[in-house]
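Since the structure comes first, as structure tokens, the remarks are kept for the end.
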Amino acid sequence: MGGLGKTTLAKKVSNDTDVQHDFSCRAWVYVSQEYNIRELLLGIANCVTTLTDEQKRKNENELGEEVKKCLQGKRYLIVLDDVWFTDVWQSLSQYLPEELNKSRVLITTRNQGIALYAHSDCHELQTLGEKESWELFLNKVGSAAVLTWPGLEEFKKEIVAKCKGLPLTIVVLGGLLSLKDLTRDSWLKVLKSMDWHLSQGPDSCLGILALSYNDLPSYLKPCFLYCGVFPEDSEIKASKLIRLWVAEGFVQKRGKETLEDIAEDYLYELIQRSMIQVADTRADGRVKSCRIHDLLRDLAISEAKEEKLFEVDENIDVDVPPTSVRRLSIYQNISPHLQNSNLRSLILNKSIDEGDELKEGSFRSIAQLTGLQKLKLVTDNFIESEGLPTSNAEVESTIILFPGLECLYKLHLAGTIRKLPMETTLYPPNLKQLRLFETKMEEDPMPILGRLPNLRILILVYDSYLGKGMNCPHGGFLRLEFLQMQLLENLEDLSVEEGAMPNLKTLKIEYCDKMRKFPHGLLQLKKLQRLNLYLVSQKLVSEVLETQGEDWNRIHRIITSQVPRCSLL
């Protein structure tokens, strides 16, 4: 069952000094019920070697061969945590070399049949005895005040009996009681609340988790529930979680403290209560990443559905998905039947539908989300859709840009596109913000994007464009206020024709090493207030600093830096 400590024990084994000394290659991957073999192979590869961008884009079999080649001849330890299906071992084992060098694969699972299928020795965990249960409880309660409290011994037998030897419930209850007043009435109130949960069925000891949720102060409840939107067993960056809590409005203002600092306190309080687990720490001891136990995640998803905070579904394949929920988290397939005029924000990551391409059926589904305002699509490739113009037979892919989504104002695309559609009628008519990442466009996108009537923010990042020159044509980008170009490593020239970008206020050019000349036509931009040149060539920076004149004095803030890139990596 869940909560016995399988993952904890596996971590103690893999982190043991002797084990680390004996195995030159070590990898840990979380499998869970929503596994993807290619992602698991990528996780193993990232632990044992450094992959190039090209290697990361390989298909499952090619990536598996890369892993096999890397492990060949080495003594390795691979930990597959939380395996639910025999298919996982069947698929991965062909890429794990069987050599007489004492390499090992360590599997944690709730299913003994999986261990037998893998022809492995099985260590079956048992619940804790009375002595071990009490020791674990005292270790979690921890504080000197509790440990020296004369009334503590009175509750020993009752606490041990109610937790039934399950480590997860012991530490969660310990975290809860550690925050209570050291009075008999205060502790009795908690234990009496447990009685109701324990009367609800054969797995009722897990109701202690629900008790701990109910005991959370109101400001922590939505923060805990929100952790359920992340996939099972995923490692959550603390900084990302904090930003999301702040963005969602879960963090309450407290004096002069920043919302981020307050949110970090929330995180540590949930950790103290054992509702969230620390996955990794920074050099200064602060939490770098965290995760939520799958039983607590199940609780979060259930409670969030009741509260109409969000719903989670592995596959949406119904004609009428939920309409009363504010947030919907989907981990696998998007059915062509998906229809919802209430969804406002949608994030789709790669490996959607089959393979690593975003399929046309998904495009049609998204096009039905007529109330959608923000859309982020991340995939290896956007496949060509029917009916789109393309003059070059060699173009690998293009993308339909949802012309019917009149509410869509923010769009983020990550993945190979190569060529943008020429017709502006194929774009969302009210698009205000566009971010392109690693789209690898081969033709200058500026003449096309410049004709989008409402575009105010344009961000081109990391090989979104592979060409050497960019030209912003006359009459283009009439409403653009912010332009950022970052890591366009082939870009040499940027020109702005007269009458282009009349409202541009901020221009950022970053990590564009090959730019040598000052952007032609830049000084005619009468509303430009801020220019950032970060990690560009010394020649370009020198030219900017030497430029004089009345037009140049209009720019309120100029930031330049030519620090070597390696010093920042």
Is the backbone of Asp18 close enough, under 3.5 Å, to the side chain of Asp16 for a donor and an acceptor to pair up by distance?
-> yes
Measure the spacing between CH2 of Trp187 and CG of Leu177 and express it to the nearest 0.5 Å.
-> 4.5 Å
Thr281: partners by side-chain contact (heavy atoms from CB on, under 4.5 Å), with sequence neighbours left out = Val278
Donor-acceptor under 3.5 Å (Ser234 side chain, Pro231 main chain) = yes
So, do Leu413 and Phe437 sit near enough that their side-chain heavy atoms are less than 4.5 Å apart?
-> no
Got a second to check how far Glu158's CD is from Cys163's SG, nearest 0.5 Å?
-> 10.5 Å
Ser218 to Pro222 - nearest heavy-atom pair and separation | O-CD, 3.1 Å
Would you find a donor on one side and an acceptor on the other, under 3.5 Å apart, between the side chain of Thr148 and the backbone of Ala144?
-> yes
Hey, could you give me the CH2/CG distance between Trp28 and Leu80, rounded to the nearest 0.5 Å?
-> 10.0 Å
Heavy-atom nearest pair, Glu232 first then Asp82, reads OE2-OD2, 3.2 Å
For Gly43 and Val29 the tightest heavy-atom approach is C-CG1, 3.7 Å
Over all heavy atoms of both residues, which pair between Leu41 and Val67 is shortest? Give the atoms and the distance, please.
-> O-CG2, 3.7 Å
Just wondering, do Leu241 and Phe230 contact through their side chains at under 4.5 Å, heavy atoms?
-> yes
Which pairs would a plain distance check flag for residues 72-79, meaning a side-chain donor or acceptor within less than 3.5 Å of a matching protein atom at least two apart in sequence or in another chain?
{"unit_1": "Gln72", "atom_1": "NE2", "unit_2": "Glu99", "atom_2": "OE2", "d": "3.0"}
{"unit_1": "Lys74", "atom_1": "NZ", "unit_2": "Cys70", "atom_2": "O", "d": "3.3"}
{"unit_1": "Arg75", "atom_1": "NE", "unit_2": "Asn101", "atom_2": "O", "d": "3.3"}
{"unit_1": "Arg75", "atom_1": "NE", "unit_2": "Lys102", "atom_2": "O", "d": "3.3"}
{"unit_1": "Tyr76", "atom_1": "OH", "unit_2": "Pro97", "atom_2": "O", "d": "2.6"}

Under a 4.0 Å N-O cut-off, is there an ion pair linking Glu303 with Lys221?
-> no
dist Leu408:CG -> Gln433:CD (nearest 0.5 Å) comes out at 11.0 Å
Flag, side chain of Ser91 to backbone of Val88, donor-acceptor distance under 3.5 Å = no
How far apart are the C-alpha atoms of Asn111 and Ile114, what are their side-chain angles, what is the distance that settles it, and do they pass the side-chain contact (heavy atoms from CB on, under 4.5 Å) test?
-> CA-CA 6 Å; Asn111 186 345; Ile114 291 174; 3.8 Å; yes
Lys410, NZ: over 12 other non-hydrogen atoms inside 6.0 angstrom = no
Are Thr416 and Glu438 linked by a side-chain donor-acceptor pair shorter than 3.5 Å?
-> no
Roughly how far apart are Lys192 NZ and Asp185 CG, rounded to 0.5 Å?
-> 8.0 Å
Going from CG on Leu63 to NZ on Lys68, what distance comes out if it is rounded to the nearest 0.5 angstrom?
-> 14.0 Å
So salt bridge (charged side-chain N to carboxylate O under 4.0 Å, His left out) across residues 120-133, not counting sequence neighbours, yields Lys131-Glu135
Which heavy-atom pair separates Val172 from Ser274 by the least distance, and what is that distance?
-> CG2-O, 3.7 Å
Name the one of Arg286, Lys288, Arg282, Arg243 that satisfies salt bridge (charged side-chain N to carboxylate O under 4.0 Å, His left out) with Glu264?
-> Arg286
Step-by-step side-chain contact (heavy atoms from CB on, under 4.5 Å) determination, Glu257 to Asp265 | CA-CA 11 Å; Glu257 293 181 83; Asp265 287 345; 3.9 Å; yes
Sequence neighbours left out, what passes ring-ring contact (aromatic ring centres under 6.0 Å, His included) with Tyr117? Give chain and number order.
-> none
Determine the minimum heavy-atom distance between Val287 and Tyr268, stating which atoms define it.
-> N-OH, 3.0 Å
Do Ile170 and Lys140 come close enough that some side-chain heavy atom pair is under 4.5 Å?
-> no
Residue pairs involving residues 271-280 (criterion salt bridge (charged side-chain N to carboxylate O under 4.0 Å, His left out); sequence neighbours excluded) = Asp215-Arg273, Glu269-Arg273
Any donor-acceptor pair under 3.5 Å from Ser302 side chain to Asp298 backbone = no
Does Cys227 reach the side chain of Arg297, with side-chain heavy atoms less than 4.5 Å apart?
-> no
Looking only at atom types and distance, does a side-chain atom of Arg38 sit under 3.5 Å from a main-chain N or O of Lys58, one as donor and one as acceptor?
-> yes
Sub-6.0 Å ring centroid separation between Phe250 and Trp245 = no
Between Thr108 and Asp81: side-chain donor-acceptor atoms closer than 3.5 Å | yes
Would you say the side-chain atoms of Glu65 and Tyr95 include a donor-acceptor pair closer than 3.5 Å?
-> no
Using the ring of Tyr30 (Phe, Tyr or Trp, six-membered ring only), decide whether Arg291 places NZ or CZ under 6.0 Å from its centre and within 45 degrees of its axis.
-> yes
Within-4.5 Å side-chain heavy-atom neighbours: Leu216 and Leu270 | yes
Start with the C-alpha distance between Leu372 and Cys407, add both sets of side-chain angles, then the distance that settles side-chain contact (heavy atoms from CB on, under 4.5 Å), and finish with yes or no.
-> CA-CA 6 Å; Leu372 199 63; Cys407 295; over 6 Å; no
Side chains of Ile236 and Ser289: closer than 4.5 Å at any heavy-atom pair?
-> no
Considering only heavy atoms from C-beta outward, does the side chain of His412 approach that of Leu375 to under 4.5 Å?
-> no
With sequence neighbours left out, write down each residue that passes side-chain contact (heavy atoms from CB on, under 4.5 Å) with Gln94, or none if nothing qualifies.
-> none
Using a 4.5 Å cut-off on heavy atoms from C-beta on, say whether the side chain of Leu259 contacts that of Ile242.
-> no
Could you tell me whether Arg254 and Asp261 make a salt bridge, using a distance below 4.0 angstrom between a side-chain N and a carboxylate O?
-> no
Kindly indicate, with the supporting measurements, whether the criterion side-chain contact (heavy atoms from CB on, under 4.5 Å) is fulfilled by Cys290 and Gln277.
-> CA-CA 6 Å; Cys290 58; Gln277 302 170 351; over 6 Å; no
Main-chain N/O of Trp84 paired with Thr109 side-chain donor or acceptor, under 3.5 Å = no
